[in-house]
2 protein chains.
Amino acid sequence: MKVTIDLIAQKVGVSKALVSLVINGKAKKYGISQLTCDRVMAVVRELNYKPNQMARSLRTGVSNTIGLIVSDISNGFYASMARQLEDLAANSGYNVVIGSTDENINKELRLINILRNRQVDGIILSSSQENSEELENMFKAGFPLVLIDRYFPNAGIPAVVAENSQGGATLAQHLFNQGFRNPLVLNITPSYISSVGERTSGFQKVFTDNSIVPEVVQIPFSDIYNVVYEIFSKKVKEKNLPDCVFAVNNNLATAFLSVLSKFNLAVPDDVALVCFDDLPYFSIIKPSITVVTQPLDVLCSRTFSLLMEQISNQEKVEEHETIFEPVTLITRESSIKIK
Amino acid sequence: MKVTIDLIAQKVGVSKALVSLVINGKAKKYGISQLTCDRVMAVVRELNYKPNQMARSLRTGVSNTIGLIVSDISNGFYASMARQLEDLAANSGYNVVIGSTDENINKELRLINILRNRQVDGIILSSSQENSEELENMFKAGFPLVLIDRYFPNAGIPAVVAENSQGGATLAQHLFNQGFRNPLVLNITPSYISSVGERTSGFQKVFTDNSIVPEVVQIPFSDIYNVVYEIFSKKVKEKNLPDCVFAVNNNLATAFLSVLSKFNLAVPDDVALVCFDDLPYFSIIKPSITVVTQPLDVLCSRTFSLLMEQISNQEKVEEHETIFEPVTLITRESSIKIK
DNA sequence: AAAAATAACTAAATCGATTTAGAATACTGT
DNA sequence: ACAGTATTCTAAATCGATTTAGTTATTTTT
């Protein structure tokens, strides 16, 4: 037997309107007597009544649910992001529905649609779109949306990202200072994704400013290990190894390390390594891995605030600047030149 | 301007009942003419109408959403689990709402409540409860529930778990065969959690059968690194090191490796290591780490099927046996005795 | 040609809440 | 004693779908 607001109202002998008002803390506002409040709450507790969220959402148009869409929730970076956002959301009475896109543009669009039909109050999105048209329309139409990790320059959609370009440059400068002169960039395809694109271009600029043009290879998202293996297989055969490698994310770094060990090559003696985003094991292994890290907690809390702002102030849908959060270089053994 | 079923009905010039029937594929059943169907669908497409899920759920009592509750979604194991379940769910038209409990019994109960108020159609749970009373009641009351990774013996709640005991035994036997005689078990608190409990007891049995009683230390979930550090700090001081360590999960193994390197101790020369659940880096590092792995894909698909069964057959709420999936030993360098 | 059967559709109830205008009662001041 | 004001509460509309009993028009049967 279901416990609905009608049941409560019956038991107490009042209207369900009253019960609703009491439950939603509007008793004072509507001059409901303390006695009545207490009687209602007593029954509510006795029967452990919890309002049906579907009914509530239908009426109010608010679901207290937000959507989080990322390329792959099993990826450690996004998993941590999900966790932090989950906690922030929970503190504000929100739940999180999660979707993974596999970097697939259509899957992303489909997911957005599904979540909107499910009346999520807003979406936090790490987009794999190539252009931002659809997202702009959505945002301009007043749907609460915040981009995280990846943004679209000049699209006017609120976004919170790391200073990826700066991060790439920092790593490049570090390698250059160490005396490395023959860098290879392992970049992820699709390369139009802002984060990896900017990491690469920031990296490139430092070297080209020093008259060195880094080689950049594109690795498809879906088949990292094998492609990295092929690349190094060829380079080993041609005795054409770089003296250092920049992996634009930690999956690439892991694949790279795995491939190197297959070829019995050592870091940093044979090839140095730097990468984006720390992993627990990077500081444990020998050699430990030099990285640039993003302040994930800051990214998440900024993002969540921006979303909440939009959700509460339905009117103002201003253009938003992208927020760039600074990154941190952690120098470890993998990038120290052996003399 | 919202696109509702009323709008569609108006535009086409039919009742909204008809629109609903057409949309839900019941046109034939209700003898609606092909012409009318086509006219409805044309408008539906033109206005890109998608039914409001809240309204639909309110009416039907079905939300096409399932809940996933784990201790921590940022943990790689659960993140992968989430991803696999998300994909399975998506294929069946379901969304996944995620919650993390931090191994906190009350948080878990609260989350279950919240998800149920949100009318999730069922819950997949990796429980941190000490006893299963509440969960049993829920299940017996007909709420679709499947336990994953952790179960309650004789509770009658459907569960899909790895052969943890067997896994612990396998690792123990491997270590014993390698000649290790002084094992230390790093166990997670709370230890009533079936998975880690059984890993430990399975491990212990093999050694006690060989007249060796392994030392077991309890590490609180929330502060792994520091506690492991303290333990080894003491052991190093007392020159009382074990010759091998069994970490009941990969977080413990990572912390252990980190601590060991702090003390300049080497694996496996000073202390060997085996652990439960593989990580990408375990096969890359020197030495690579011996592990027992769970067939996560099988666990997930079995779990999801069991949940779907319950969701579709509302009547039969039978007692269920726990399903145990076999685990696999991957022998690597960290457990090979140096002569 | 009246009765029965079929085809194609619709009205209205329903799910479980929220919200607002206004009803009922008691209390003031003159 | 009565209009005016508080106080406390309720009726009914509403959100956007689904579902079922029933209506209307058409065709078939006898």
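Here is how names work: the chains are called A, B, and so on, in the same order as the sequence lines, proteins then strands, and each is numbered from 1.
Whole-Å rounding puts the K29(A) NZ to dA6(D) P distance at 19 Å. Atom CG in L21(B) sits about 9 Å away from atom P in dT19(D), given to the nearest Å. Put simply, NZ on K28(A) is 15 Å from P on dT7(D), counting in whole angstrom units. Atom P of nucleotide dT8(D) and atom CD of Q34(A) are separated by 11 Å, given to the nearest angstrom. Here the P atom of nucleotide dT20(D) and the CG atom of N24(B) are 12 Å apart, to the nearest Å. What separates CD1 of I23(B) from C1' of dG16(D) is a distance of 11 Å, to the nearest Å. Per the geometry, CG belonging to D6(B) stands 12 Å off C1' belonging to dT18(D), to the nearest Å. Spacing between atom CD1 of I8(A) and atom P of dA17(C) amounts to 9 Å, rounded to whole angstrom units.
Side chains of T101(A) and E108(A): no donor on one and acceptor on the other come within 3.5 Å.
Within 4.0 Å (heavy atoms only), T36(B) reaches sugar-phosphate atoms of the nucleic acid but no base atom. Here K26(A) lies in heavy-atom contact (under 4.0 Å) with sugar-phosphate atoms only. Within the nucleic acid shown, K2(A) comes within 4.0 Å of sugar-phosphate atoms alone, with no base atom in reach, counting heavy atoms only. Base engagement by S20(A) is indicated by at least one non-hydrogen atom pair under 4.0 Å involving a base atom.
Taking only side-chain atoms of Y49(A), from C-beta outward, the nucleotide of dA17(C), dC9(D), dA17(D) with the closest atom is dA17(C). The side chain of I32(B) sits closest to dC9(C) out of dT20(D), dC9(C), dG16(D). With dA17(D), dA17(C), dT19(D) as the candidates, the nucleotide lying closest to the side chain of I5(B) is dA17(D).
Between the base of dT14(D) and the side chain of R59(A) there is a donor-acceptor pair shorter than 3.5 Å.
Close to dC9(C), at under 4.0 Å from its OP1 or OP2, lies a side-chain N or O of S33(B).
A residue-by-residue look at L58(B) and S15(B) shows that S15(B) has its nearest nucleotide of DNA chain C further toward the 5' end. Nearer the 5' end of DNA chain D, as judged by each residue's closest nucleotide, is the contact made by N52(B), out of Y30(B) and N52(B).
The local environment of CZ in R83(A) is crowded, with over 12 non-hydrogen atoms from other residues, nucleotides or ligands closer than 6.0 Å. More than 12 heavy atoms of other residues, nucleotides or ligands shown are found within 6.0 angstrom of CD on E325(A). Atom NZ of K107(B) is surrounded by more than 12 heavy atoms from other residues, nucleotides or ligands within 6.0 Å.
The shortest side-chain heavy-atom distance between R118(A) and S63(A) does not fall under the 4.5 Å cut-off.
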